[in-house]
Participant: 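Got a structure for you, questions after.
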Protein chains: 2
Amino acid sequence: MSPTHTGVTTTPRCRIRDILDRIGDKWTVLVIVELTDGPRRFRQIQHGVDGISQRMLTLTLRRLERDGLVQRTVYPTVPAQVDYRLTATGASLTDLLHDMAAWSRTHQHNIETARHHYDATHPDSDIR
Amino acid sequence: MSPTHTGVTTTPRCRIRDILDRIGDKWTVLVIVELTDGPRRFRQIQHGVDGISQRMLTLTLRRLERDGLVQRTVYPTVPAQVDYRLTATGASLTDLLHDMAAWSRTHQHNIETARHHYDATHPDSDIR
DNA sequence: CAGGATCCGGTGGGATACTG
DNA sequence: CAGTATCCCACCGGATCCTG
């Protein structure tokens with residue numbers, strides 16, 4: 001790689017997409033955050049993540065389990081009892097999520113100002 | 001907030017969604033990365049971001065401009081010449097993108113292993 | 001060159017009903 | 001309780017054609 005290169009990746013193609021494909025959807029990070037304080041059961045998570053449908057919670061948890069970010073444990077009781085907890089890999093995301101939240105907080109005001117200014121100076125734009 | 005709370009957010013609702021709504025789509029980070037080394041013109045970006053359609057490049061740049069992450073400059077030449085560059089706010093994303101890429105590199109192997117294991121032990125799952 | 005305008009298909013995700 | 005099974009639709013993004 002060129003010595004003057006100051007880009008983000010050290011490999012030919014962008015690694016950032018990897019993690020975005022994993023947490024960039026509508027619910028994943030909210031579910032992860034819900035698990036940061038310890039194991040939670042299905043209903044607990046659904047109650048904690050406002051607005052998530054039971055279908056999407058299932059899909060989100062399955063994907064997290066498949067990637068090894070969440071461990072699913074079934075207790076052979078009647079009725080069935082299941083809990084989910086972050087694995088070490090899943091928990092390692094916490095720092096990154098902190099950084100993302102920090103960036104949002106830091107730049108939130110600037111972005112909203114820029115946005116209002118754009119909307120004011122581009123009244124007939126349908127971007128939004 | 002409870003003193004034992006170790007979650008990610010310090011506000012009631014998750015700030016992480018803010019930034020994900022901004023960079024979580026298919027092309028935004030790739031375009032930003034393409035601009036990290038300095039101003040680029042429309043065709044240059046399109047050539048640098050493999051596979052992006054002209055429509056999506058336009059939309060992505062408009063959104064970045066609206067949020068004040070990218071500055072669009074039109075030079076009154078014939079034919080028109082336009083370049084895009086990161087603003088200070090946009091450039092401030094670089095560290096975050098570095099961290100995201102670093103996380104991906106660090107955990108890539110574990111995730112792929114977990115995934116293969118899941119697929120092997122759940123042969124009739126349609127998650128993928 | 002740098003886009004605007006359309007058309008169109010795939011899919012992410014919601015609502016609802018049912019089950020072990 | 002913890003899901004599974006369908007149906008359905010909005011919208012994200014691709015392809016193509018046109019313009020200042």
Side-chain angles (χ1 to χ4, degrees), chain A residues 14 17 20-32 34-35 39-67 70-85 118 122-128, chain B residues 14 17 20-32 34-35 39-67 70-85 118 122-128:
Chain A
C14 187
R17 286 278 355 139
L20 284 179
D21 288 341
R22 191 155 294 111
I23 67 169
D25 73 313
K26 188 171 180 179
W27 299 111
T28 297
V29 293
L30 298 174
V31 169
I32 291 177
E34 202 61 24
L35 294 175
R40 291 289 185 271
R41 299 174 54 180
F42 191 89
R43 290 286 167 184
Q44 287 183 295
I45 304 173
Q46 188 172 23
H47 185 260
V49 179
D50 191 63
I52 193 171
S53 70
Q54 153 239 60
R55 167 186 143 85
M56 285 317 296
L57 179 54
T58 299
L59 280 178
T60 302
L61 287 169
R62 288 292 174 279
R63 289 195 271 251
L64 287 170
E65 185 192 1
R66 184 168 107 102
D67 288 343
V70 156
Q71 182 187 357
R72 177 176 184 266
T73 311
V74 183
Y75 301 94
T77 60
V78 176
Q81 183 171 331
V82 180
D83 73 23
Y84 298 88
R85 69 192 69 200
Y118 184 95
H122 301 74
D124 49 351
S125 168
D126 50 353
I127 301 293
R128 272 229 310 171
Chain B
C14 186
R17 286 279 355 139
L20 284 179
D21 288 341
R22 191 156 293 112
I23 68 170
D25 73 312
K26 188 170 181 179
W27 299 111
T28 297
V29 293
L30 298 174
V31 169
I32 290 176
E34 201 61 25
L35 294 174
R40 291 289 185 272
R41 299 175 54 180
F42 191 89
R43 291 286 167 184
Q44 287 182 296
I45 304 172
Q46 188 171 25
H47 185 260
V49 179
D50 193 61
I52 194 172
S53 68
Q54 159 245 48
R55 168 186 143 85
M56 287 316 297
L57 179 53
T58 300
L59 280 178
T60 302
L61 287 169
R62 287 294 174 277
R63 289 195 271 251
L64 286 170
E65 185 193 0
R66 184 168 108 103
D67 288 342
V70 156
Q71 181 187 357
R72 177 175 184 266
T73 311
V74 183
Y75 301 94
T77 60
V78 176
Q81 183 171 331
V82 179
D83 73 23
Y84 297 88
R85 70 192 68 198
Y118 184 95
H122 301 74
D124 49 351
S125 168
D126 51 354
I127 301 293
R128 272 223 313 169

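Keep in mind that the numbers below use all heavy atoms, side chains included, and drop hydrogens, waters and symmetry copies. The sequence lines fix the lettering, A, B, ..., with proteins before strands; numbering per chain opens at 1.
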Participant: Send over the distance from A/D126 CG to D/dC11 C1', rounded to a whole Å.
Facilitator: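 To the nearest whole Å, that distance equals 14 Å.
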Participant: Specify the separation, in whole Å, of atom CD1 of A/I127 and atom P of D/dC12.
Facilitator: 12 Å
Participant: Tell me which nucleotide among C/dG13, D/dG13, D/dG3 gets nearest to the side chain of A/R63.
Facilitator: C/dG13
Participant: What nucleic acid atoms does A/Y75 come within less than 4.0 Å of, heavy atoms only: base, sugar-phosphate, or nothing?
Facilitator: nothing
Participant: Looking at the side chain of B/P79, which of C/dA2, D/dG3, C/dC1 is the nearest nucleotide?
Facilitator: C/dC1
Participant: Nearest 0.5 Å, what's the CD-CG distance between B/Q71 and B/L64?
Facilitator: 13.0 Å
Participant: 5'-most contact on DNA chain D: A/A80 or B/M56, nearest heavy atom basis?
Facilitator: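 Nearest-nucleotide comparison on DNA chain D picks A/A80.
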Participant: To the nearest 0.5 Å, what is the distance between CZ (B/R72) and CG (B/L61)?
Facilitator: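 That separation rounds to 9.0 Å.
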Participant: Is there a side-chain contact between B/Q46 and B/I52 in this structure, where contact means two heavy atoms from C-beta onward sitting under 4.5 Å apart?
Facilitator: yes
Participant: Does B/Q46 contact C/dG3 through a side-chain donor or acceptor facing the base, at a distance under 3.5 Å?
Facilitator: no
Participant: In whole angstrom, what separates B/D21's CG from D/dC11's C1'?
Facilitator: 14 Å
Participant: Tell me the closest heavy-atom pair linking B/L30 and B/V49, and the distance in Å.
Facilitator: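 What the structure gives for the nearest pair is O-CG2, 3.7 Å.
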Participant: In whole angstroms, how far is the C1' atom of D/dA2 from the CZ atom of A/R40?
Facilitator: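 Rounded to the whole Å, the gap is 17 Å.
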Participant: Taking all heavy atoms of A/R22 and all of A/D67, pick out the closest pair and write down the distance.
Facilitator: NE-OD2, 2.9 Å
Participant: Taking atom C1' of C/dA5 as reference, at what distance in whole Å does atom CZ of B/R62 sit?
Facilitator: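 Rounding to the nearest Å, CZ of B/R62 and C1' of C/dA5 are 14 Å apart.
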Participant: Between A/I52 (CD1) and D/dA2 (C1'), how many Å, whole number?
Facilitator: 14 Å
Participant: Starting the side chain at C-beta, find the nucleotide from D/dG14, D/dG3, C/dG13 nearest to A/Q54.
Facilitator: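 Of the candidates, D/dG3 comes closest.
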Participant: Given C/dT16, C/dG14, C/dG3, which nucleotide is nearest the side-chain atoms of A/W27?
Facilitator: C/dG14
Participant: Take atom CG of B/D25 and atom C1' of D/dC12, then tell me their distance rounded to the nearest Å.
Facilitator: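 Spelled out: CG on B/D25 to C1' on D/dC12 is 9 Å.
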Participant: Which nucleotide in the set D/dA2, D/dG3, D/dG14 lies at the smallest distance from any side-chain heavy atom of B/S53?
Facilitator: D/dG14
Participant: Taking donor-acceptor contacts at under 3.5 Å, does the side chain of A/R55 reach the base of C/dG13?
Facilitator: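 By the distance-only test, yes, there is a pair.
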Participant: Where each residue is assigned the nucleotide of DNA chain C containing its nearest heavy atom, which of A/L59 and B/Y84 is assigned the position nearer the 5′ end?
Facilitator: B/Y84
Participant: Between A/R72 (CZ) and D/dA2 (P), how many Å, whole number?
Facilitator: 10 Å
Participant: Please determine whether any donor N or O and acceptor N or O are separated by less than 3.5 Å between the side chain of B/R41 and the base of C/dA2.
Facilitator: no
